[in-house]
Amino acid sequence: MSDSPARHLALQGASNFRDLGGYPTTDGRITRWRHIFRSNHLGQLTAADVEIVRALGVRSAFDFRGREERAAGICVVNEITVHSLPIEPTVVAALRAELARGTLTAPVALELMRESYRNYVRHNTHCFRALFGHLLEDRAPLVIHCTAGKDRTGFASALILHALGVPDDVIAEDYLLTNNHYKRDATAAIDLPEDVRNAIGSVEASYLAAAFEAVDKEYGDIETYLRDGLKLGTAERTALRERYLQS
């Protein structure tokens with residue numbers, strides 16, 4: 001629809017800042033615009049960016065970065081309350097270990113990315129459960145982010161859209177939009193080969209698929225994961241849909 005708000009907001013000091021609104025659900029509803037945003041970190045926003053974020057009314061941020069990441073890029077919007085849901089990064093350290101052994105290749109990097117997504121389910125489900133606890137308190141408009149806003153944030157966004165009843169193919173499309181909007185940090189991990197940096201500087205469908213494979217292996221299916229892993233029973237699912245869907 002031409003009168004819909006912009007999904008991607010082009011900020012100077014952030015990339016991949018976009019709205020999870022406007023997506024259809026299987027019951028014929030639509031996710032609300034201007035309620036849930038996803039982004040990379042908010043530590044380098046310009047003054048003009050801050051005004052844009054303020055105008056959106058964002059007051060809460062849910063930050064999946066680890067301890068050192070958070071310290072390196074503190075949110076510059078004073079009005080935003082930041083809730084830390086830390087998932088420590090593991091991929092770059094694992095890549096450097098492979099490099100030291102002389103076994104680092106692009107396929108190895110891809111598999112390490114997939115394994116990190118599996119570990120979101122195996123080891124970090126409590127962080128995503130905490131996110132949904134906050135979402136049920138209706139803190140919108142809000143933003144979910146990590147450092148790049150593509151992996152931890154990408155899985156969190158996929159879970160939100162699943163819980164709201166958005167079809168799998170639409171969830172996959174949203175996930176892959178990162179490749180259109182994420183501006184890579186050219187100074188990051190420059191000790192790694194270019195093909196490896198390409199693997200970790202983008203997203204591909206197999207990454208998200210790996211997380212959902214882990215969901216199926218650990219819980220049986222996504223619905224059971226939402227119920228038992230994320231503690232979203234019928235009442236919670238209904239409440240989420242009332243808050244974050246429009247008819």
Side-chain angles (χ1 to χ4, degrees), residues 7-11 14-23 31 36-42 62-66 69 73 85 87-95 98 104-125 127-128 131 143-164 166-190 192-216 222 225:
R7 178 167 307 288
H8 175 249
L9 286 89
L11 304 179
S15 72
N16 211 18
F17 191 108
R18 57 189 210 261
D19 194 326
L20 291 182
Y23 287 132
T31 56
I36 303 175
F37 299 92
R38 52 172 296 177
S39 181
N40 72 338
H41 77 88
L42 307 177
F62 300 99
D63 181 357
F64 288 108
R65 293 178 299 169
E69 294 173 287
L85 305 171
I87 299 174
E88 293 293 341
T90 59
V91 171
V92 172
L95 290 170
E98 295 284 350
L104 181 58
T105 63
V108 166
L110 292 171
E111 183 53 30
L112 284 171
M113 287 296 296
R114 287 190 282 265
E115 186 67 4
S116 74
Y117 275 70
R118 295 182 193 111
N119 286 336
Y120 296 157
V121 178
R122 294 170 183 150
H123 304 310
N124 298 291
T125 286
C127 293
F128 300 107
L131 171 65
V143 61
I144 299 159
H145 74 88
C146 49
T147 292
K150 67 185 190 67
D151 300 311
R152 291 162 287 191
T153 299
F155 183 54
S157 299
L159 290 176
I160 290 167
L161 296 175
H162 263 296
L164 294 174
V166 175
D168 291 353
D169 60 331
V170 178
I171 292 171
E173 284 176 27
D174 177 80
Y175 174 74
L176 291 171
L177 279 178
T178 282
N179 290 334
N180 297 353
H181 299 303
Y182 174 54
K183 297 192 291 261
R184 286 161 58 184
D185 180 354
T187 65
I190 54 174
L192 298 175
E194 184 178 5
D195 58 350
V196 169
R197 280 186 284 135
N198 289 337
I200 65 173
S202 59
V203 295
E204 63 168 66
S206 73
Y207 299 168
L208 191 59
F212 287 115
E213 287 162 13
V215 164
D216 290 346
I222 182 65
Y225 182 62

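Counting begins at 1 with the first residue of the sequence.
- Residues C146 and K150 approach most closely at SG-N, 4.0 Å, considering heavy atoms.
- Between N16 and A148, the shortest heavy-atom distance links the atoms ND2-O, 4.1 Å.
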ask   = Taking it one step at a time, do L161 and I171 satisfy side chain to side chain contact (heavy atoms under 4.5 Å, CB included)?
value = CA-CA 7 Å; L161 296 175; I171 292 171; 3.6 Å; yes
query = Run the salt bridge (Lys or Arg N to Asp or Glu O under 4.0 Å) check on E111 and R114 step by step: do they pass?
reply = CA-CA 5 Å; E111 183 53 30; R114 287 190 282 265; 3.0 Å; yes
inquiry  = Apply side chain to side chain contact (heavy atoms under 4.5 Å, CB included) to residues R65 and H41 and explain how you reach the verdict.
reply    = CA-CA 9 Å; R65 293 178 299 169; H41 77 88; 3.5 Å; yes
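- Looking only at side-chain heavy atoms (C-beta outward), I160 and L131 come within less than 4.5 Å of each other.
- The OH atom of Y117 sits 13.0 Å away from the CG atom of N124 when rounded to the nearest 0.5 Å.
- No donor-acceptor pair closer than 3.5 Å links the side chain of R118 to the backbone N or O of E213.
- The OG1 atom of T147 sits 5.0 Å away from the CZ atom of R152 when rounded to the nearest 0.5 Å.
- Paired with F155 under the rule ring-ring contact (aromatic ring centres under 6.0 Å, His included), one option of Y175, F64, Y207, F212 passes, and it is F212.
- The NE2 atom of H181 lies 12.0 Å from the CG atom of L11; values are rounded to the nearest 0.5 Å.
- In this structure, NE2 on H8 lies 8.0 Å from CZ on R18, to the nearest 0.5 angstrom.
- Here the straight-line distance linking atom NE2 of H162 with atom OG of S157 works out to 12.0 Å at 0.5 Å rounding.
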task = Before giving the answer on side chain to side chain contact (heavy atoms under 4.5 Å, CB included), spell out for T178 and R38 the whole-Å C-alpha distance, their side-chain angles and the decisive distance to 0.1 Å.
result = CA-CA 10 Å; T178 282; R38 52 172 296 177; 3.4 Å; yes
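- A distance of 5.5 Å separates OG of S15 from NZ of K183, quoted to the nearest 0.5 Å.
- The shortest heavy-atom contact between A106 and V196 is N-CG2, 4.2 Å.
- The nearest pair of heavy atoms linking V121 to A211 is CG2-O, 3.4 Å.
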request  = Start with the C-alpha distance between I222 and L159, add both sets of side-chain angles, then the distance that settles side chain to side chain contact (heavy atoms under 4.5 Å, CB included), and finish with yes or no.
outcome  = CA-CA 9 Å; I222 182 65; L159 290 176; 4.1 Å; yes
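- A205 and L176 make their closest contact through N-CD2, 3.9 Å (heavy atoms, listed as atom of the first residue, atom of the second, distance).
- Of all the heavy atoms in M113 and I200, the pair that sits closest is SD-CG2, 3.8 Å.
- For T153, the side-chain hydrogen bond (donor to acceptor under 3.5 Å, both in side chains) criterion is met by no residue, not counting sequence neighbours.
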